[in-house]
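Note that the coordinates shown come from a computational prediction; the quantities given were computed from them, not determined experimentally.
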Amino acid sequence: MDMAAMREEFGRAGLDVSDVAEDPIVQFREWFDLWKTVDPHLADTMVLSTVDAEGWPDARAVLLKGVDSRGFVFFTNRTSAKGVQLEAGGRAALTMVWREIERQVRVVGEVSRVPESESDAYFASRPRGAQIGACASEQSAVLGSRAELEARVAELEQQYPNKIPRPAHWGGYLVAPRSVEFWQGRPDRLHDRVRYRLETDAADAWIVERLAP
């Protein structure tokens with residue numbers, strides 16, 4: 001099925017609270033698995049939004065590297081701007097826009113570090129070049145020149161001819177959702193929006209509700 005036909009089919013079918021799973025993670029996996037068949041190249045791209053110390057919003061693209069019953073996992077430099085904001089604020093938003101099939105997912109949740117063993121395992125699975133890059137870059141810091149970065153890379157390549165240890169400043173974060181919204185495009189901008197909202201006073205039950213487009 002081509003993209004136009006797929007969009008038309010989804011738009012015609014729509015989305016309602018009666019259509020979705022009881023758990024937003026289950027529903028996300030269903031949508032995400034379909035999206036990966038449509039655009040497998042960097043299908044895991046998402047926008048991570050945080051707030052800095054002065055209250056200014058900050059957003060950038062990161063890669064979703066895991067989703068399970070806990071929530072959504074990604075990895076980054078913990079001394080970068082986003083790492084500092086995550087550590088200080090403990091909250092974040094994630095946005096995934098899948099324009100080709102007119103779908104969007106928005107997540108708001110609490111942030112925590114994943115276990116160090118999980119960060120070690122993922123770092124070990126990365127290509128050597130990405131490992132060197134994670135060690136060499138003081139992410140978000142002012143850099144005098146490209147040559148400075150390349151010199152640091154060359155130094156690390158000599159220092160670690162074989163196994164490269166995970167740097168202490170690099171690791172994973174988990175976004176445990178408190179709200180997950182699924183958006184399905186419909187004709188005439190009368191889109192369908194279904195939101196899961198965590199009701200903490202009711203044994204962490206999910207409230208599922210339709211929102212106006």
* Asked: For the hydrophobic clusters of this structure (ILVMFWY residues joined by side-chain heavy atoms under 4.5 Å, transitively), does one cluster hold both L48 and V84?
  -> no

* Hey, could you give me the CZ/CG distance between R210 and L15, rounded to the nearest 0.5 Å? => 7.0 Å

* Asked: Any sub-3.5 Å donor-acceptor pair from W35's side-chain atoms to A43's backbone N or O?
  -> yes

* To do: Starting at CG of L211, measure out to CD of E209 and round the result to the nearest 0.5 Å.
  => 6.0 Å

* Structure fact -> Here the side chain to side chain donor-acceptor pair (under 3.5 Å) pairs for residues 124-137, sequence neighbours left out, are none

* Tell me, with the steps shown, if V51 and Q85 meet side-chain contact (heavy atoms from CB on, under 4.5 Å). => CA-CA 6 Å; V51 176; Q85 292 161 14; over 6 Å; no

* To do: Report the C-alpha separation of N77 and E138 in whole Å, then their side-chain angles, then the decisive distance to 0.1 Å, and conclude whether the side-chain contact (heavy atoms from CB on, under 4.5 Å) test is met.
  => CA-CA 8 Å; N77 184 316; E138 296 181 15; 5.9 Å; no

* To do: Would you mind reporting whether E116 and R166 have side-chain heavy atoms less than 4.5 Å apart?
  => yes

* Asked: Any side-chain heavy atom of R193 sitting closer than 4.5 Å to one from R106?
  -> yes

* Is there a path from V194 to F28 through hydrophobic residues (I, L, V, M, F, W, Y) whose side chains come within less than 4.5 Å of each other? -> yes

* Asked: Is there side-chain contact between D23 and Y196, with at least one heavy-atom pair below 4.5 Å?
  -> no

* Are side-chain heavy atoms of R29 and V26 found at a separation under 4.5 Å? -> no

* To do: Look up atom CD in E155 and atom CD in E150, then write down how far apart they are to the nearest 0.5 Å.
  => 14.0 Å

* Return the minimal non-hydrogen interatomic distance between A136 and L149, and the atom names on each side. => O-CD1, 4.1 Å

* To do: Taking the side chain as every heavy atom from C-beta outward, state whether T76 and Q139 have any atom pair closer than 4.5 Å.
  => yes

* Test item: L198 and W206 side chains (from C-beta on) under 4.5 Å apart, heavy atoms -> yes

* Under a 4.5 Å cut-off applied to non-hydrogen side-chain atoms, are M96 and W31 in contact? -> no

* To do: Hey, could you give me the CD/CD1 distance between E199 and I207, rounded to the nearest 0.5 Å?
  => 5.5 Å

* Write down the atom of V111, the atom of A92, and the distance for their closest heavy-atom approach. => CG2-CB, 3.6 Å

* To do: Please say whether more than 12 non-hydrogen atoms of neighbouring residues, nucleotides or ligands are located less than 6.0 Å from CZ in R91.
  => no

* What are the two closest heavy atoms between P177 and F72, and how far apart are they? -> CG-CE1, 4.1 Å

* To do: Begin from the C-alpha positions of T45 and L63 and carry the test side-chain contact (heavy atoms from CB on, under 4.5 Å) through to its verdict.
  => CA-CA 5 Å; T45 303; L63 299 181; 3.7 Å; yes

* **Shortest non-hydrogen contact from A59 toward S49** => CB-OG, 3.7 Å

* Please assess W98 against V38 for the test side-chain contact (heavy atoms from CB on, under 4.5 Å), listing each intermediate value before the final yes or no. => CA-CA 10 Å; W98 304 328; V38 174; over 6 Å; no

* To do: Determine yes or no for a side-chain-to-main-chain donor-acceptor pair under 3.5 angstrom, with R70 supplying the side chain and A176 the backbone.
  => no

* Please check if V73 and V108 belong to a single hydrophobic cluster, counting links between Ile, Leu, Val, Met, Phe, Trp and Tyr side chain heavy atoms closer than 4.5 Å. => no

* Same apolar cluster: V114 and F123, side chain cutoff 4.5 Å -> yes

* **Heavy atoms of other groups near Q158 CD, more than 12 under 6.0 Å** => no

* Between the side chain of Q184 and the main-chain N/O of G14, is any donor-acceptor distance below 3.5 Å? -> no

* Structure fact -> Smallest heavy-atom separation, P161 atom then Q159 atom, equals CD-O, 3.3 Å

* Got R78 and S119 here, is their nearest side-chain heavy-atom distance under 4.5 Å? -> yes

* If two hydrophobic side chains count as joined below 4.5 Å and joins carry through other members, does I25 share a cluster with W183? -> no

* Is there a donor-acceptor contact under 3.5 Å from the side chain of D52 to the main chain of E54? -> yes

* Asked: Do K82 and D58 meet the salt-bridge criterion of a basic N to acidic O distance under 4.0 Å?
  -> no

* Asked: CD of Q27 to CG of D19: how many Å apart, nearest 0.5 Å?
  -> 8.5 Å

* What's the spacing between F32 CZ and R103 CZ if we round to 0.5 Å? -> 13.5 Å

